[in-house]
Amino acid sequence: MIKKIAVYPGTFDPFTYGHLDVVRRASKMFSMIIISVAENANKTSLFNIKERKEIIEEVIINETKLDNIQIKGFNGLLVDHVKDEGAVAVLRGLRALSDFEYEFQMAGINARLSSEFETIFLMASENQQFVASRFVKEIHSLGGDVSSFVPGTVLRHLESKRK
Ligand code: PNS
């Protein structure tokens with residue numbers, strides 16, 4: 001069987017049910033999904049890179065039966081990371097219209113930088129259309145209930161961060 005690897009990059013601050021939905025669906029199409037957590041110097045994150053990777057690892061182990069997932073960190077250009085991993089595709093989730101322009105631009109720029117992989121979009125499932133990490137952080141910091149947006153593992157980490 002030909003091994004087809006896909007990289008699923010993102011900030012994942014924090015990892016949501018929307019992200020998990022993309023991972024679950026894509027894991028049926030590729031032999032390996034690498035969840036690639038970006039260091040992302042342009043954004044101030046709630047969880048540092050080490051914490052974000054550990055949280056995702058816990059979610060995959062505790063809350064799924066998936067056995068073709070790896071979690072890695074990356075720094076620098078996505079196209080270089082994709083090449084290093086030997087991946088044939090980059091995965092991105094797409095919610096409604098608001099994501100389109102940014103994703104369209106990013107996919108176009110990456111295609112200009114490298115023609116060795118395709119960017120593949122999975123439309124967010126109906127019940128995940130409104131989930132966004134930045135809203136999760138805001139709602140949780142203001143005492144709101146985010147349990148329908150993030151896995152239990154992530155919720156526990158958000159709680160301990162708040163304390
Ligand atoms: O979850 P996010 O924040 O939407 O993910 C954005 C991410 C990490 C995929 C993007 O910022 C990225 O690829 N960063 C790596 C640096 C890079 O390659 N930039 C050029 C892409 S246009």
Side-chain angles (χ1 to χ4, degrees), residues 4-27 29-30 32-60 63-64 66 69-125 127-141 146 149-151 153-155 157-158 161:
K4 295 249 186 234
I5 300 169
V7 160
Y8 179 35
T11 309
F12 305 117
D13 186 45
F15 194 75
T16 66
Y17 274 134
H19 298 130
L20 186 55
D21 178 50
V22 169
V23 171
R24 278 189 204 282
R25 289 158 58 202
S27 72
M29 302 189 291
F30 293 91
M32 178 66 69
I33 306 290
I34 301 175
I35 304 176
S36 297
V37 185
E39 186 102 38
N40 221 337
N42 298 332
K43 284 188 183 174
T44 37
S45 56
L46 176 65
F47 295 101
N48 65 35
I49 177 92
K50 185 168 173 279
E51 292 170 324
R52 281 180 277 143
K53 276 171 57 187
E54 282 169 1
I55 292 170
I56 299 169
E57 218 157 272
E58 271 182 56
V59 171
I60 300 298
E63 308 195 26
T64 79
L66 302 174
I69 314 295
Q70 285 180 21
I71 296 111
K72 298 197 172 174
F74 80 103
N75 219 328
L77 282 179
L78 178 63
V79 291
D80 292 336
H81 173 66
V82 171
K83 190 171 182 194
D84 290 347
E85 298 301 336
V88 295
V90 162
L91 289 170
R92 294 288 288 172
L94 203 57
R95 292 160 305 187
L97 281 176
S98 52
D99 283 340
F100 183 78
E101 195 159 342
Y102 170 64
E103 294 296 338
F104 180 70
Q105 213 172 5
M106 197 157 69
I109 289 173
N110 284 333
R112 189 72 74 81
L113 295 176
S114 168
S115 56
E116 286 174 30
F117 65 87
E118 293 291 336
T119 301
I120 293 180
F121 296 98
L122 289 187
M123 276 204 287
S125 299
N127 56 344
Q128 308 298 344
Q129 282 289 340
F130 303 105
V131 184
S133 298
R134 70 173 191 282
F135 292 133
V136 166
K137 283 183 281 193
E138 184 173 317
I139 295 165
H140 186 262
S141 72
V146 292
F149 301 132
V150 295
T153 300
V154 177
L155 192 58
H157 284 276
L158 281 166
K161 191 59 104 176

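Hydrogens, waters and symmetry mates are skipped; everything else that's a heavy atom, side chains included, is used. In each ligand, atom 1 is the first atom listed, and ligand 1 is the first ligand listed.
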Practice problem: Evaluate the side-chain contact (heavy atoms from CB on, under 4.5 Å) criterion for residues Leu158 and Lys161: first the C-alpha distance (whole Å), next the side-chain angles of each, then the deciding distance (0.1 Å), finally the verdict. | Solution: CA-CA 5 Å; Leu158 281 166; Lys161 191 59 104 176; 5.6 Å; no

Quiz prompt | Residue, atom name and distance, where the atom is the protein heavy atom closest to atom 10 (C) of ligand 1 | solution = Met106 SD, 3.9 Å

Quiz item: Is there a donor-acceptor pair closer than 3.5 Å between any side-chain N or O of Thr11 and the backbone N or O of Asp13?
Solution: no

Quiz prompt | Shortest protein heavy-atom distance from atom 20 (C) of ligand 1, along with the residue and atom involved | solution = Leu77 CD2, 4.2 Å

Practice problem: Determine yes or no for a side-chain-to-main-chain donor-acceptor pair under 3.5 angstrom, with Ser114 supplying the side chain and Ala111 the backbone. | Solution: no

Quiz item: If you measure from atom 6 (C) of ligand 1 to every heavy atom of Tyr102, Phe12, Tyr8, which option wins on shortest distance?
Solution: Tyr102

Quiz item: For atom 5 (O) of ligand 1, which candidate among Arg134, Arg112, Arg92 provides the closest heavy atom?
Solution: Arg92

Practice problem: Please indicate whether any nitrogen or oxygen in Thr11 is less than 3.5 Å from any nitrogen or oxygen in ligand 1. | Solution: yes

Quiz prompt | Test side-chain hydrogen bond (donor to acceptor under 3.5 Å, both in side chains) applied to His157 and Glu54, step by step | solution = CA-CA 10 Å; His157 284 276; Glu54 282 169 1; over 6 Å; no

Practice problem: May I ask you to test the Leu20-Ile60 pair for a side-chain heavy-atom distance under 4.5 Å? | Solution: yes

Quiz prompt | Top protein contact for atom 21 (C) of ligand 1, by heavy-atom distance | solution = Asn110 OD1, 3.7 Å

Exercise. Name the closest protein heavy atom to atom 18 (O) of ligand 1, giving the residue it belongs to and the distance to 0.1 Å.
Key: Leu78 N, 2.8 Å

Quiz item: Can any side-chain N or O of Gln129 pair as donor or acceptor with the backbone N or O of Ala124 at less than 3.5 Å?
Solution: yes

Quiz item: Ser125 side chain to Asn127 main-chain N or O, any donor-acceptor pair under 3.5 Å?
Solution: no

Self-check item: Closest protein heavy atom to atom 14 (N) of ligand 1, given as residue, atom name and distance to 0.1 Å
Solution: Phe74 CZ, 4.4 Å

Quiz item: Out of Gly93, Ser36, Ala38, Gly76, whose heavy atom is nearest to atom 16 (C) of ligand 1?
Solution: Gly76

